[in-house]
Trainee: 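Pasting in a structure now, in C-alpha cells, and then I'll have a few things to ask.
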Amino acid sequence: MELNTKYNPSEVEDKWYAYWLEHKFFHSEPDGREPYTIVIPPPNVTGILHMGHVLNNTLNDVLIRKARMDGKNACWVPGTDHASIATESKVVAKLKEMGIPKDSLTREEFLRYAWEWKEEHGGIILKQLRKLGASCDWDRTRFTMEPELSEAVINTFVYFYKKGWIYKGVRMVNWDPEALTAVSDDEVIHKDTQSHFYHLKYYISDGAGHPTDQYLVIATTRPETIMADAAICVNPADGRHHWLRGKKVLIPLINREIPVIEDDYVEMDFGTGCLKVTPAHDVHDYEIGLRHSLPVLEIIDDHGRLNEKAQILVGEDRFVARKKIVKMLEEAGNLEKVEAYTSPVGYSERTNAVIEPKLSAQWFLKMDELAKRALETVESGRTRLIPDKYMNTYRHWMENARDWCISRQLWWGQRIPAWYLPDGQVVVEPTAEAALKAAQAICPDVKAEDIKQDEDVLDTWFSSWLWPISVFDPQKPGHPDRQPNADLAYYYPTNDIVTGPDIIFFWVARMIMSGEEFMGKEPFSNVYFTGIVRDKIGRKMSKTLGNSPDPLDLIAQYGADAVRIGMLLCSSAGNDIFYDESQVEQGRNFCAKIWNSFRLVKGWKVDPAATAPEASAIAVRWFADKLNQAVETVEDHYSKFRISDALMTIYRLFWDEYCSWYLELVKPAFGQAVDPVTYEATLGFFEALIKLIHPVMPFITEELWQQLAVRAEGETIMFAPSPKAGAYDPALLQAFELAQQAVVGIRGIRNQKGLAPKEALEVLVDASFPTAVLPVVEKLALVSVQEGDAEGKTGASFVVGTSKVFVCLKVNVEEEITRLKKDLAYQQQFLAGVRKKLSNGNFVAHAPAKVIEMERKKEADALLRIESYEAALKALEK
RNA sequence: GGAAGAUUAGCUCAGUCGGUUUAGAGCACCUGCCUUACAAGCAGGGGGUCACUGGUUCGAAUCCAGUAUCUUCCACCA
C-alpha cells in the first residue's frame with residue numbers, strides 16, 4: 001500500500017492472506033525437519049466466531065508462526081466438531097420453525113435434514129478464522145463426523161467392548177416428559193420453586209402386614225411417589241431412630257411393607273431425619289438402593305403419568321396425582337402436616353417441563369485403568385499443564401473418575417455399533433454385515449432383518465478424544481498394534497494444545513487417555529489453558545446477554561492485527577480475560593506507530609559519501625545490543641508460555657527504544673541526508689523487529705517486509721528466520737541508560753524553567769560520567785556537554801548514577817533552594833534507613849554478601865547525592 | 001455443602017528461590033505542546049498501608065494460620 005497514507009489494515013489483509021494461500025505456505029508435509037504440531041480445538045461445525053475463539057486461535061497462531069520462523073515444520077490442523085447435542089437441537093428448532101416436529105420424521109429423514117443444515121451452515125467458522133489470520137493447514141481440514149473419522153469412532157467402540165471395558169448399565173437420566181427424550185445436564189435449568197413439604201406418617205408393621213399404633217414421620221415433596229418406596233432410611237448415628245432398627249413399616253394407602261435401613265447419606269437435622277427411599281425416581285435414592293440392594297419399582301411412565309404398578313391413581317398425571325394423593329393421605333390420617341417449602345427444581349431448557357429423573361439403560365466405558373494412566377502421564381511431566389495450578393483439579397478428577405456414560409439419546413452422531421438379537425443378546429461389530437455374521441455364530445437362523453441396531457449415538461467427546469490421532473491416521477484408533485501411517489508417525493505426539501480449563505476433563509484428559517491407549521504416548525507435551533473471555537464488568541461473553549462484540553466487526557473496524565494484540569495484551573495463562581475495546585484500540589495504535597516509523601525511515605535520502613555522526617554510531621551499537629537483550633527476554637517468555645509478556649517486551653522495545661530513542665538519535669536534521677552505514681543498520685533493525693512481531697501481527701509485518709526490500713514472488717516473512725539473540729555488552733547498555741537519564745533530567749529542568757526546546761544550554765558533567773555517550777545527550781537535549789566543574793556557576797544540578805550533571809541556566813534562586821532542600825531532606829531520610837539496616841548485626845550476619853553490597857551502594861549513592869545537593873545549595877546561597 | 005484459585009494504582013495485570021524494589025508495566029487520568037514519521041502522537045506529572053488480622057524471619061507483596069470478599073468446578077439435599 002501507499003506510503004504517504006495512514007495505515008489501512010483492510011487494504012492489506014485480504015491481499016496477503018490470499019497470497020499465503022496461493023503459495024501454500026500453511027501446508028505441511030513430513031520431511032527431515034523437526035515437526036511442530038498443533039491440532040485445533042475443533043469448534044462446533046455450525047458455530048460462529050466469538051471472542052473466545054479469537055483468543056484461543058490467536059494464541060494457536062502465534063505459537064505456530066513462531067515455530068515456523070524458528071525453522072520447524074509447523075503444522076496446524078484445523079477442523080470442526082459435529083457437536084451432537086448443540087447441532088441436533090439447532091436442527092430440531094429449525095424444523096419446528098418449518099412446522100415439522102422431530103417425531104414426525106424417521107431417523108433417516110431427520111439425518112438428511114441435519115446433513116443439509118451442516119452443508120449450508122457448516123464451516124462458516126473456519127472461513128472466519130481466515131480473517132483473523134489463522135495459518136492453518138487447510139488441506140488437512142477434518143470433521144469429526146466425516147466417514148473416515150466416524151469409522152475411527154466405531155472401531156474404538158468395538159475395541160473397548162471386546163476388551164471388556166464397555167458395558168451396558170443403568171443410569172438416571174434427565175427425562176423430559178413433554179419432549180419424550182432424555183436431556184443432558186446442561187439442558188436442565190434449576191429454578192427455585194415454591195412447593196410443599198408433606199410430613200407423612202408411616203405406621204410400623206406388626207410383621208403380618210398390619211399397622212401397629214407406632215409410626216414414624218418422613219418429610220417429602222413428592223408424595224405421589226410413595227408407592228415406589230423401597231425402604232425408609234435413617235442415619236445410623238441418629239439416636240432418635242435406633243428403636244426402628246430391624247422394623248418394617250407400611251406404605252400408606254397401599255399397605256406395602258418396606259424395611260427401615262440405615263445410611264450415612266441421610267442428614268439428621270434435615271426434615272424429620274427419616275428419608276423415604278424411592279430408587280426409581282430419585283438419583284440419590286437410586287444410589288442408596290444400590291448400596292442396600294433394594295428393589296427398583298418404576299411407577300411413572302414416559303409421559304409423566306402413574307402406571308399400573310402404582311396400584312392407585314393409575315393414569316393420572318404426576319402433578320394431578322400429587323394433589324389427589326395428599327387428600328387421600330389426609331383422609332386416611334397419614335398426613336401430619338404440610339409446610340411451605342422452596343426447593344430447586346429442574347426444568348427442561350427446551351419445553352420448560354419439570355424434569356423427571358428416569359432410569360435408563362446406557363453404555364459406559366470403564367475409567368479406572370484409563371484414568372490411572374492419564375494421571376501418570378501428567379504427574380510424570382510428559383504432559384505439562386500451564387498454568388500448573390490445574391494439576392490439583394486434574395488429579396482430583398482422575399482419582400475420582402466415574403465411568404463414562406458414552407450413549408446419547410440423539411440421532412446426530414455416530415450410531416452405537418451394537419446389534420440386538422431377537423432373544424436380547426448383543427453383538428458389537430463395526431458393520432452390519434459383521435454383526436450379522438457374529439449373530440449367526442450365536443444363532444444360525446438369524447437373518448439381517450432380525451437384528452436391530454441400538455438407537456443411541458455416541459457422546460461427541462467419544463469422537464473428539466481421538467482428534468490428535470484421527471486427524472492424521474483415522475485407521476489407527478481402535479488398533480493399538482497397527483503401524484501408524486507416515487503422517488501420524490511424523491506429527492504425533494503434537495507439541496502444544498490451547499484450550500479452556502472448562503473442558504480439562506471432558507476433552508484434555510480423555511485425549512490423554514486415548515493417546516496412551518492407542519499410541520502408548522501422550523498426545524501433546526503442553527496444555528495451555530486460556531481464561532474465559534468476560535466483558536468489562538466481569539460477565540461471561542454470551543449471545544443472550546448481547547455483550548459479545550462480533551469479532552468480524554472488530555476486525556473490519558480496527559484490523560485483524562489490532563484485534564489479536566487486543567486479546568493478547570490482557571491474557572496471562574489461565575486467568576480470565578476482561579475484554580475491553582480500548583485494548584484493541586491500543587493494538588491499532590501500535591500498528592499505526594509501526595507504519596509511521598516505516599514511513600520515516602523509508603523517506604530518508606541517503607548520501608553515499610556521508611559518514612555516520614558520532615551520535616548515530618553510538619545509537620547503532622547500543623540498539624544492536626538492546627535488540628539482542630530483548631530477543632533473549634522474548635525467547636524466555638515464549639518458552640514459559642508467557643505470551644502477553646513476550647508481546648509487551650516487543651511492544652516496548654519497538655515503541656520506547658527503537659522509536660523514541662534510536663530513531664530520534666539517528667534521524668537526520670530536516671532536509672539533510674542520512675549516511676549509508678546508519679541507514680543500512682536502521683533498516684536491518686527494522687526488519688529484525690518486524691520479524692520479531694510477525695507471529696503476533698502477521699499482516700502488517702508481511703506488508704512492511706515486502707516493502708522493505710525487493711522480494712521475489714513466493715517469498716514471505718512467514719519463513720524468514722526469527723532473530724537470534726546474540727551477545728550484548730552490559731556496560732554499553734548501562735552507559736546508554738545514564739545518557740537517557742541525563743537527557744530526561746535536562747528536559748525536566750527545561751520544562752520546569754519554561755525554556756524553549758531549542759534554547760542552547762551548557763551542561764557540565766563530572767569525570768565519572770561515561771564520556772562515550774556524551775554525543776547522545778548533546779543530540780537529544782540540544783546542549784553542549786563537557787566535563788567540567790560547576791564551581792561559581794548558577795544553575796540546576798542532578799545526579800545520574802554516580803556522576804553529577806550541572807546545567808548552567810538562569811534560574812529563580814529561591815525556587816531552586818526550596819526544591820534542593822526538599823530533595824536533600826528526602827535523601828537524608830533514605831540514608832538513615834539504609835544505615836539502620838546496615839548497623840543491624842543480624843542483617844550483616846545473615847544476609848547474602850550480594851545484598852549487603854547492594855545496601856552499601858545505596859548508602860554511597862545517597863551520600864553522593866547529599867553531597868551534590870549540599871554543594872549546589874552552597875553555590876546558590878552565595 | 002465439597003474442592004480449587006484469586007485479592008497489588010481508577011482499570012487490566014507483572015512481580016521467577018523470601019533479599020538487584022524507596023513495589024513495576026500498559027491503559028486511563030492531569031499539565032504543556034497541531035515540533036517537518038506519527039494528536040492513533042510527543043514531552044512531563046500525579047496516583048499503591050500489596051484485602052484484613054496475627055505469626056515465622058535479620059528481612060515478607062512473596063512463607064504459615066485465621067477473617068472477609070470474589071471466581072470457577074463439582075454436588076445441589078429428601
Side-chain angles (χ1 to χ4, degrees), chain A residues 3-4 6-7 190 197 218-222 225 233 265-267 270-278 282-285 288 341 343-344 346 387 389-393 396-397 400 501-502 504-505 531-532 534 536 538 558 562 569-572 574-580 582-583 585-604 636 640 642 644-645 647-649 651-652 655 659-660 663-664 667 669-671 744 747-748 750-752 754 756-758 826 829-830 833-834 837 840-848 850-855 857-858 862:
Chain A
L3 257 188
N4 54 356
K6 278 198 171 184
Y7 178 62
H190 289 273
F197 222 6
I218 60 102
T220 181
T221 52
R222 301 202 59 190
T225 62
C233 189
Y265 169 75
V266 180
E267 296 281 330
F270 189 83
T272 62
C274 295
L275 167 72
K276 75 185 199 66
V277 183
T278 321
D282 183 277
V283 182
H284 297 285
D285 290 12
I288 296 173
Y341 183 65
S343 63
K389 68 178 178 184
Y390 288 106
M391 193 55 221
N392 284 332
T393 320
H396 180 258
W397 267 113
N400 298 285
D502 46 336
I504 181 169
F505 181 66
I532 298 162
R534 298 172 177 282
K536 240 175 154 174
Y558 295 101
L569 274 176
C570 54
S571 63
S572 46
N575 287 337
D576 283 358
I577 312 305
F578 289 83
Y579 168 79
D580 184 346
S582 74
Q583 289 151 348
E585 269 176 52
Q586 197 184 337
R588 177 201 54 185
N589 295 354
F590 189 39
C591 288
K593 187 73 184 177
I594 296 174
W595 178 250
N596 286 322
S597 63
F598 181 73
R599 287 175 56 202
L600 172 72
V601 175
K602 261 296 186 180
W604 285 344
D636 183 54
K640 293 170 181 155
R642 303 167 76 106
S644 62
D645 287 342
L647 167 59
M648 193 44 75
T649 304
Y651 180 92
R652 293 176 62 190
W655 202 308
C659 292
S660 297
L663 287 182
E664 291 303 328
K667 186 156 88 173
F670 183 66
V744 168
R747 280 179 188 162
R750 278 186 192 287
N751 248 21
Q752 238 174 37
K758 284 172 187 166
Y826 183 82
Q829 201 189 334
F830 177 61
V834 174
K837 202 166 183 182
N840 182 332
N842 281 324
F843 172 73
V844 178
H846 295 97
K850 193 177 73 176
V851 175
I852 293 173
E853 193 187 319
M854 191 184 77
E855 289 297 323
K857 189 163 177 291
K858 274 188 200 168

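Naming: A, B, ... by sequence-line order, numbering from 1 per chain.
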Trainee: From CD of Gln586(A) over to P of A28(B), roughly how many Å is that when rounded to an integer?
Mentor: 7 Å
Trainee: Name the nucleic acid region contacted by Val266(A), choosing base, sugar-phosphate or nothing; use a 4.0 angstrom heavy-atom cut-off, strictly under.
Mentor: base
Trainee: Using a 4.0 Å heavy-atom cut-off, does Trp655(A) contact any base of the nucleic acid, only the sugar-phosphate backbone, or nothing at all?
Mentor: sugar-phosphate
Trainee: Determine the contact category for Arg599(A): base if any of its heavy atoms lies under 4.0 Å from a base atom, sugar-phosphate if only primed atoms, P, OP1 or OP2 are that close, otherwise nothing.
Mentor: sugar-phosphate
Trainee: So what does Thr221(A) hit on the nucleic acid, given a heavy-atom distance under 4.0 Å: a base, only sugar-phosphate, or nothing?
Mentor: sugar-phosphate
Trainee: How long is the straight-line distance from CD of Glu664(A) back to CG of Leu600(A), given to the nearest 0.5 Å?
Mentor: 8.0 Å
Trainee: How many angstroms lie between CD in Gln586(A) and SG in Cys591(A), if you round to the nearest 0.5 Å?
Mentor: 11.5 Å
Trainee: Tabulated below should be each protein N or O lying under 3.5 Å from an N or O of nucleotides 58-62 of chain B; please produce it.
Mentor:
residue	atom	partner	partner atom	Å
C58(B)	O2'	Asn840(A)	ND2	3.2

Trainee: Locate the shortest heavy-atom distance separating Glu855(A) from Val834(A); write the atom from each residue and the value.
Mentor: O-CG1, 3.4 Å
Trainee: Under 3.5 Å, is there an N or O donor on one side and an acceptor on the other linking the side chain of Glu664(A) and the base of A37(B)?
Mentor: yes
Trainee: Remember a base hit wins even if backbone is also touched, and classify Tyr651(A) as base, sugar-phosphate or nothing at under 4.0 Å, heavy atoms.
Mentor: sugar-phosphate
Trainee: Between C63(B) and C50(B), how far apart are the two C1' atoms, rounded to whole Å?
Mentor: 15 Å
Trainee: Quick one: side chains of residues 840-848 of chain A, donor-acceptor pairs under 3.5 Å with protein atoms, not counting sequence neighbours, listed by atom name and distance.
Mentor:
residue	atom	partner	partner atom	Å
Asn840(A)	OD1	Asn842(A)	N	2.8
Asn840(A)	OD1	Phe843(A)	N	3.3
His846(A)	ND1	Asn842(A)	O	2.9

Trainee: The side chain of Asn596(A) lies closest to which of these nucleotides: C38(B), A25(B), C76(B)?
Mentor: C38(B)
Trainee: I'd like the P distance from G15(B) over to C77(B), given in whole Å.
Mentor: 41 Å
Trainee: Atom CD1 of Ile594(A) and atom P of A40(B): how far apart are they, to the nearest Å?
Mentor: 17 Å
Trainee: Quick check for you: among C76(B), A14(B), U16(B), whose closest atom lies nearest to any side-chain atom of Asp645(A)?
Mentor: A14(B)
Trainee: With nearest nucleotide decided by heavy atoms, which residue, Glu855(A) or Tyr7(A), maps closer to the 5′ end of RNA chain B?
Mentor: Glu855(A)
Trainee: Between A43(B), A4(B), U21(B), which nucleotide gets closest to the side-chain atoms of Lys858(A)?
Mentor: U21(B)
Trainee: When all nucleic acid strands are considered with a 4.0 Å heavy-atom cut-off, which category describes Cys659(A): base, sugar-phosphate, or nothing?
Mentor: base
Trainee: For the residue pair Lys667(A) and Trp604(A), what are the closest heavy atoms and their distance?
Mentor: CA-CZ2, 3.8 Å
Trainee: Tell me which of Asp636(A) and Ser660(A) sits closer to the 5' end of RNA chain B, going by the nucleotide each one is nearest to.
Mentor: Asp636(A)
Trainee: Quick one: closest heavy-atom pair of Cys659(A) and Ser597(A), and the distance?
Mentor: SG-CB, 3.9 Å
Trainee: What would the secondary structure line of RNA chain B be in dot-bracket form, counting Watson-Crick and G-U wobble pairs under 3.5 Å, with [ ] for pairs that cross earlier ones and | for pairs with another strand?
Mentor: (((((((..((((.....[....)))).(((((.......))))).....(((((..]....))))))))))))....
Trainee: Output yes when a side-chain donor or acceptor of Asn400(A) lies under 3.5 Å from a complementary backbone atom of His396(A), and no otherwise.
Mentor: yes
Trainee: Can you check the distance between G48(B) and U56(B), where both ends of the measurement are the P atom (answer in whole Å)?
Mentor: 30 Å
Trainee: Determine the interatomic distance between P on G2(B) and the same-named atom on C76(B); round to the nearest Å.
Mentor: 15 Å
Trainee: Can you check the Ile504(A) CD1 to G5(B) P distance for me, whole Å?
Mentor: 13 Å
Trainee: Is Arg599(A) reaching over with its side chain to a backbone N or O of Leu3(A), donor-acceptor style, under 3.5 angstrom?
Mentor: yes
Trainee: Using atom CG of Asn589(A) as one end and atom P of A40(B) as the other, report the distance to the nearest whole Å.
Mentor: 8 Å
Trainee: Taking atom C1' in both U8(B) and A25(B), what distance in whole Å separates the two?
Mentor: 12 Å
Trainee: Between U7(B) and C13(B), how many Å separate the two C1' atoms, rounded to a whole number?
Mentor: 13 Å
Trainee: For Lys602(A), report the nucleic acid contact type (base, sugar-phosphate, nothing); a contact means any heavy atom under 4.0 Å.
Mentor: nothing
Trainee: Which pair of heavy atoms, one from Gly273(A) and one from Val266(A), lies closest together, and at what distance?
Mentor: O-CG1, 3.4 Å
Trainee: Any base atoms under 4.0 Å from Ala845(A), or only sugar-phosphate, or nothing? Heavy atoms, all strands.
Mentor: nothing
Trainee: Nearest 0.5 Å please: distance from the CG atom of Asn589(A) over to the OG atom of Ser582(A).
Mentor: 10.0 Å
Trainee: Using the C1' atoms only, state how far C58(B) lies from U12(B), rounded to an integer number of Å.
Mentor: 37 Å
Trainee: Quick check: does any side chain N or O of Thr278(A) sit under 3.5 Å from a backbone N or O of Asp285(A), one acting as donor and the other as acceptor?
Mentor: no
